[in-house]
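Just follow the structure's listing: the first ligand is 1, and inside any ligand the first atom is 1. Computed from a prediction, not measured in an experiment: that's the story for all the values here.
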Amino acid sequence: MKYEKLIKALTHNGYKVSYFENADEATKYITDNVHGVSVGFGDSATLESMNLAELLSKNNTVVDPSICSGAEFYEIGKKALLTDVFFTSVNGVAESGELVNIDGTGNRVAGSLFGHEKVYFVFGTNKIEPTLEKAVWRARNIAAPQNAKRLKYNTPCAAKGDQCYDCSSTDRICNTLNIQLKKMNGMEAEVIMMNEALGL
Ligand code: SF4
């Protein structure tokens with residue numbers, strides 16, 4: 001099977017792995033299975049492109065700080081840390097089974113680690129790298145600059161979204177880099193993998 005090595009490694013690391021040929025199939029699976037709970041979101045171009053927050057809000061209470069700014073962002077971001085379920089993507093994933101995420105304010109990474117009954121990691125195959133080193137490189141030099149560009153931040157990488165310049169900008173989105181080695185204790189975690197390029 002395609003991606004057999006990654007699926008085996010993620011399963012070994014404690015994640016439930018659900019594989020779909022495309023985002024439509026994954027979206028149907030998610031909306032069929034997440035009902036009657038509170039759902040927090042981490043900022044993600046992948047989740048945005050799937051319109052998941054809006055779709056899940058039909059049957060759940062959705063808490064999505066990514067649509068807020070200023071003080072409201074922090075207020076809603078704190079609430080998202082204590083929802084039943086949390087959705088995030090990843091900036092990179094290694095075939096050896098580690099999930100890599102960079103964060104500027106920390107709400108997305110924090111939500112992926114603690115406070116929920118279940119966390120969903122949703123990503124397309126463009127996030128997959130053969131080694132942990134390459135997944136970290138991808139997070140720093142592809143995902144972060146392109147996200148800075150998408151969010152129109154005042155960082156040197158945002159102009160072209162081409163590479164990391166290791167800036168000290170107040171808009172820097174790379175203040176922490178989390179490598180999740182295995183599923184966190186005390187919660188369920190499911191990887192939703194889609195066989196197409198999604199997000200940054
Ligand atoms: S450290 Fe600065 S330049 Fe590098 S990707 Fe992050 S925001 Fe961009």
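The closest protein non-hydrogen atom to atom 1 (S) of ligand 1 is R172 NH1, 3.4 Å. The shortest contact between atom 8 (Fe) of ligand 1 and any protein heavy atom is with C157 SG, 2.3 Å. For atom 3 (S) of ligand 1, the nearest non-hydrogen atom of the protein is Y165 N, 3.2 Å. In terms of protein heavy atoms, atom 4 (Fe) of ligand 1 is closest to C164 SG, 2.4 Å.
Counting the atoms of ligand 1 from 1 in the order shown, those under 4.0 Å from a heavy atom of A144 are 5 (S). Within ligand 1, counting atoms from 1 as listed, the ones closer than 4.0 Å to a heavy atom of D166 are 1 (S), 3 (S), 4 (Fe). Taking every non-hydrogen atom of I173 and a distance limit under 4.0 Å, the qualifying atoms of ligand 1 come out as 7 (S).
Residue contacts to atom 6 (Fe) of ligand 1: C174 brings an N, O or S atom closer than 2.8 Å. Taking 2.8 Å as the criterion, C167 counts as a coordinating residue of atom 2 (Fe) of ligand 1, since one of its N, O or S atoms falls below it.
One finds a salt bridge joining D43 and R150 here, because a Lys/Arg side-chain nitrogen approaches an Asp/Glu carboxylate oxygen to under 4.0 Å. Ion pairing between R172 and D166 holds under the 4.0 Å rule for side-chain N and carboxylate O.
Cluster annotation: F87 is connected to I192 through the hydrophobic network of ILVMFWY side chains, with a link wherever side-chain heavy atoms come within less than 4.5 Å.
Ring to ring, F86 and Y120 are not that close: their centroids are 6.0 angstrom or more apart.
Heavy atoms of other residues, nucleotides or ligands lying less than 6.0 angstrom from CD of E21 number more than 12.
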Item to check | Stepwise side-chain contact (heavy atoms from CB on, under 4.5 Å) check, F123 with T46 | outcome: CA-CA 7 Å; F123 58 83; T46 299; 5.5 Å; no

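Side-chain contact annotation: T105 with N107, donor-acceptor N/O pair under 3.5 Å present.
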